[in-house]
Amino acid sequence: MTTELCIKEIESCQRISAGPTFIALFGNQYGHRPIPRLIPETEFELLISKLPKDSESLKLLNQWFSKDSNSVPSTYILQPITAHYPHYSDRGSESRQLRDNDVISWNLTESRLLQALRTAAQQAERDGDISVDQNINLVVLHFFEFNQILFLFIQKMIKIPFLLDVTADGLLDTEARELLADLKQHICNTSHLQPLCMELSKGAMDPSRKEHKEYLGKLCEQVTSQMKELISRNALQTSGTCSTEDPGWSLLKQEIFHHAVLSEEKCSVFKGRDSILGKICIDMWESSNVCHGPFLVHGPSGVGKTALLCKLAQEMRGVVDHRGVVVLRLLGTSPLSSDLDSVLRGVCLQVCGALGLQFPYPHISNTHEELVRFFHSMLEDVSKQGDTLLLILDSLDQLLEANKPPQLDWIPKVIPPNVQIVLSISDDCVEKCKSLVSAEQNVFGVEPLTDDQGKDIIDAYMSAAGRKLTSEQLGTVLNNFQQSRSPLHLKLLLDTAKQWASYTSMSNIRMGTSAQEVMTQFVETLEENHGKKLVSHALCFILLSRNGLSEAELQDVLSLDNDVLAEMYKYWLPPSHTLLRFPRLHWSRLRHDLRAHLMERWEGGVILLAITFLRQFAELVRKRYLSRDMKADMHNILAEYFSGQWSQGQLRPILLPSLSTLLNADRKVPPQPLRFTGEVANIRKLNELPYHLAHAGKWEELRQSVLGSLDWLCCKTLRCGVSCVIRDLSLCTDLTDCPEIQMLKETFLLLKPSLGFNPSLLVTEIFSRLQCLADLYPSMIGQLCSQCVDWFGSCTDPVLVPKSSFFQAPGGPLKSTLTGFTRGDIKELNIGFRELLVAGSEEGLIIVWSLNHLQTLHNLSGHTAGVLSLKLMDKTNHCLSTGLDGTLRKWCLISGQQIFCITDAVSVQTHTPTHVHMIEERKIIITNPSSLDIGFHFCIYVRDIFKVIQNKSAKVLKPKVFVCFTGLRSDSMDVSSEVCCMELAQQKRLLFCGLRTGTILIYPLDLAPETLCLPPPENLPTVRSMAISPREDRMAVAYEDAVCIFEITSRDSFPCVDGPLERYSLCLLHSPISTMALLYDSRLLYGTFGGEVVIYDFKSATSAELDHHGAAITCITMSNWDAQALIGSQDCVQKLWNLSPVLLNHTMEYKGFYFEGVLCAVFSINDKYIFTGSLDKTIKVWDVSSGSLLYIQFVYSPVIKMMPHKDGFVAMSRHGSFIKEGFRCPDTLKPGYNPLRNFRAHYRVTSREKNLNAPHTVINELPDYNPAQFNFISIGLIKSKPSNTCALL
């Protein structure tokens, strides 16, 4: 059996290794030549025919080899040693003498058996019945000659006679010496390797001797150089075939291959089920040309749902044409099929690649809501193209969380023609998914197997395994199967039965009558053969790992497990007292017996072992072995391994039963750095370490080295995503009550929308949210903030450094930010009594969230224009919505389906308020339709009856002005009308408020509550804009028809405003002024809502128009010395002008997937940089000299006012946040620095001297940018909204 295991190990290495398959060290011994365990019937009978009848050799062969007729073809099997020498494997000290006697007897018997086989083979060779090439050494050479990735070294140890091959009676084995010499000669002739010669010292290697040290150096050098050469050669060949392939495609190919292999295994023994397969196929064919719902297959666990869907996929691949695609996912069998977003991402990439559709942009692949939306639109695109798609998702319950409502919004309730979705789920979870399927005929239950189906499966299974059963054995299997008729139970029975030989007696066989009983018997057998400690700990380590363990990791972990090693070395000492490892061969034997219950899956390029997706086996392991104490101990060992605690020569003590003192030995486990290189992170450590530290209860280590490490948080966020960090933090808060961990979790929940936008802002987010809590929680949060400060100080790229906590801190009223809308403002929002939040936006989408679990339940798409209103029905799970498309729609919030739609039910004119009133008891809906456009009217819908009633007037609220300090309201002042604009004279401390009535109120901030009033002109025009000169001696006021200049003076130490001194009348056709600036030399620079930019000189009464913008001008900002001005607009263009003379320096264009209109800007104190606040909720930093973009920061809300401050700026956002930041920028930027590396945008700068087409583009294909697609009306009226006007003091 050992030889077979070794060959399987080599085959496994050939399958997965990127370098050498194995390393063979040839010395002075040819080595043990074991008796073949299996000999084909024809060969064995040929051999015994060459021996004399009644000879001892013939009797010996017939005694030790038995014919197995269950093998196809028949085979002779070498009987176990214990069949004739029962004490051979005894380990107890009380039977040592008996064991020694049996060992000696077996050695002599083995020698006699080998001699008998060799004698017969030589005679057969002489008779011409077999060829000379049938020799065991040629088997090894076969690997060498045909596998280019083989690694061999030859050693010659001279003057060491005790290391030569000897026979059982102690004589020199001349045949072995001849075989060794021939093998070495063949290798040297083929590989040109020169043997290394060394004379040992007292039969051992002594590194202190010079010649031994040189020998070891040469050997290591030869091993290292040739291994590198082979790895590089193979890597070059591999990279040459896929040098341009994206890593994501490589992972997707692995995923598709993984499910294809599993499906093929399931289909190889699939029999029966023709009835349910036929029903599903017929229903799919009948619904292929119409819209329909998904199909749901359900049944108890182990009934064969997975095999059924695999067979369905196999059959449909032969039916669909070349434009059809069948996508199969066996959920939960791989890391990429265990997470909903990963499943959606993989399915979308596979379908788009197969059918030539547009691939999702990177930002779509990183957010759940965008993925769901793209998935739905992709299904529509497949249908419109006329292609065929069958998506099969098995074990849907693997994606459902136990204590949360099912997240099923991603499954469309209405599927377009030519697209089919088939789902399977266990009966335990079927109630959660009933809302998915509207038609009863789309639900299929899987029934237990019949006797005939069971017999067919037995025949197919045994035939695929190259085996058969005797009639007695077949009857035993069938009798036990009939107790359950479960496919899983039958498979487990057959896994055992295929190991029976034809001479196996059924009298000693005990088989379970259920799947659980069979698995229990299987585990008990494993414990008898391999030891209870090894079996239990190996299975539990795999089960307790987060995503599985690689074989190398499992062997390392077992090498750290003192209990397992104590069991291994219970009766003898380890080979070395300084190095202690778990013997590889023991795992190979256990792995061979466990092969039916372990599966391989890929994660990050590593093959991991995991318990098969049979829940019963995992539950059996958990109940049988995992007590609370054992679980904590095993998590502790895993945590120590992934933290690298016992690596790099650290000695771990152990007390072995065969020793009376502690043994401190190196376990030779690898170190676990956070990053292998600068770009390659240790993904295994990132995923596993926090999980095991938390479950082991090692909270202090977790807080200090993981959660309290900024380097760890940044690395995991950037490599695994912010959702993975939140998952770790949620795990910790579930297991312990720690305020700091809870605060950190809330911080990541708050910053998640920003991190999806730009992961590089993590440090800024953490620092600006936690800075105010550093003193309260110094041990972890204070440590994190200190690390943030160090990070800002050492950052070599441009960066904005927070000077205050301007983001919402954890522990406050804001708990999370719900995302889902891609563009447009939220127009209506409603909260229901069932803790549901329903919101509609300008794009016509309605999203339903669960407030209990903060997750999306449904995306309701139906409105073709913006949503106007929403109304939840209190006594049902329904919702009403109206939209700019004129429709009124009723939705079911449980299923997410539309119940009905009434066209032309509401007014679509933007100036008309839309009202929906409902009387649930009488089933009455009241709306105002667009067909009734005279006055304000309502329609009452009572089935088919329409009535008209009069609308009543609304109440007008009194406006106010608030004076705030650092975000906290300090004082308020009543005003008589709506405030349209505000300006502040910083030095004179005067606040000017322009009202809609034309009045200007002046508040001396040092003389509160005094108020001055500048009366309006006779026609009471609205104050459009105001501007104060740099010396604060003059003020320009823009009305609807003119611009007036006032003088700001003082009388008796009291402020006074005189004028107007100058008046500049505007043309009637002139667009209203939107913003302006008053220069020190009495020039006025202003912009309009139409995009015009004009500079007017009051001294000469002349005006000049500058370059026209494509949209309304939103800000005009002067440099601190009035030498330059930045003009920003609602489109993607902003221009930097030189004012003396008037010349355009730079045109900066910034394009993204969202609208980027500039709202405000400010120059730095030294005029080197410009800070801008945009509608896309970002702050951008631009270089004045070159016009280049230096940095972008996402701040959750548009910034509406900015002022320079020391090395940065202070700003106010529309949400009322007070932002204070400094800007750090190196004198020279690193080559290749790209401020847009994590943003979905690009920019271009055109300068007066030369054109600089900056290559800062992160999206290769940007859609055509059409400003007409945006709603400029609502954006253009920003300054007329009461709460969006502010001034910073």
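No experiment lies behind these values; they were computed from the predicted model shown.
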**Request:** Begin with the C-alpha distance, continue with both residues' side-chain angles, and end with the deciding distance and a verdict on side-chain contact (heavy atoms from CB on, under 4.5 Å) for Leu800 and Phe1209.
**Result:** CA-CA 10 Å; Leu800 285 171; Phe1209 63 89; 3.8 Å; yes
**Item:** Criterion side-chain contact (heavy atoms from CB on, under 4.5 Å) on Ile1179 and Ile1219, from CA distance to verdict
**Value:** CA-CA 10 Å; Ile1179 293 174; Ile1219 302 171; 4.3 Å; yes
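Residues Glu1092 and His1108 form a side-chain contact, since some pair of their non-hydrogen atoms from C-beta on lies under 4.5 Å apart. Proximity of Arg373 to Leu845: side-chain heavy atoms (C-beta onward) are separated by under 4.5 Å at one or more points. No side-chain heavy atom of Leu1159 sits under 4.5 Å from any side-chain heavy atom of Val1199.
Taken to the nearest 0.5 Å, the CD atom of Gln1134 stands 11.5 Å off from the CD1 atom of Ile1113. A distance of 13.0 Å separates CD1 in Ile766 from CD in Gln771, rounded to the nearest 0.5 Å. To the nearest 0.5 angstrom, Leu1085 atom CG is 11.0 Å from Met1076 atom CE. Summarising the geometry, atom CG belonging to Asp711 is positioned 12.0 Å from atom CG belonging to Asp790; distances are rounded to the nearest 0.5 Å. With rounding to the nearest 0.5 angstrom, the OG1 atom of Thr747 is 12.0 Å from the CZ atom of Phe807. Between the CE atom of Met982 and the OG atom of Ser1025 there is a distance of 12.5 Å, given to the nearest 0.5 Å.
When all heavy atoms of Val1162 and Pro1204 are compared, the pair lying nearest together is CG2-CD, 3.0 Å. Of all the heavy atoms in Pro1235 and Tyr1243, the pair that sits closest is CG-CE2, 4.4 Å.
Between the side chain of Asp1167 and the main chain of Asn1120, a donor-acceptor pair closer than 3.5 Å is present. Glu1149 places no side-chain N or O within 3.5 Å of a backbone atom of Cys1132 that could act as its donor or acceptor partner. Using modelled atom types, one side-chain atom of Thr882 and one backbone atom of Ser869 make a donor-acceptor pair closer than 3.5 Å. Here the side chain of His376 pairs a donor or acceptor atom with the backbone of Trp410 at under 3.5 angstrom. Looking at Arg1224, its side chain does come within 3.5 Å of a backbone N or O of Gly793 through a donor-acceptor pair. Proximity of a side-chain donor or acceptor of Thr717 to a complementary backbone N or O of Cys714 within less than 3.5 Å is not detected. The closest donor-acceptor contact from the side chain of Ser1197 to the backbone of His1215 lies under 3.5 Å. With Tyr1233 contributing its side chain and Leu1190 its backbone, the two residues share a donor-acceptor pair below 3.5 Å. Side-chain atoms of Ser1174 do not come within 3.5 Å of backbone N or O of Asp1176 as any donor-acceptor pair. Thr1117 places no side-chain N or O within 3.5 Å of a backbone atom of Leu1126 that could act as its donor or acceptor partner.
Between Phe1171 and Phe1223, the angle of the ring planes goes over 60°, which puts this pair in the perpendicular group of the 30/60° scheme. Using cut-offs of 30° and 60° on the angle between ring planes, the pair Trp1182 and Tyr1150 is perpendicular.
When each of Lys1177, Glu765, Glu1221 is checked for a side chain to side chain donor-acceptor pair (under 3.5 Å) with Gln1193, only Glu1221 meets the rule.
Side chain to side chain, Asn1145 and Gln1124 meet the donor-acceptor criterion of an N or O pair below 3.5 Å.
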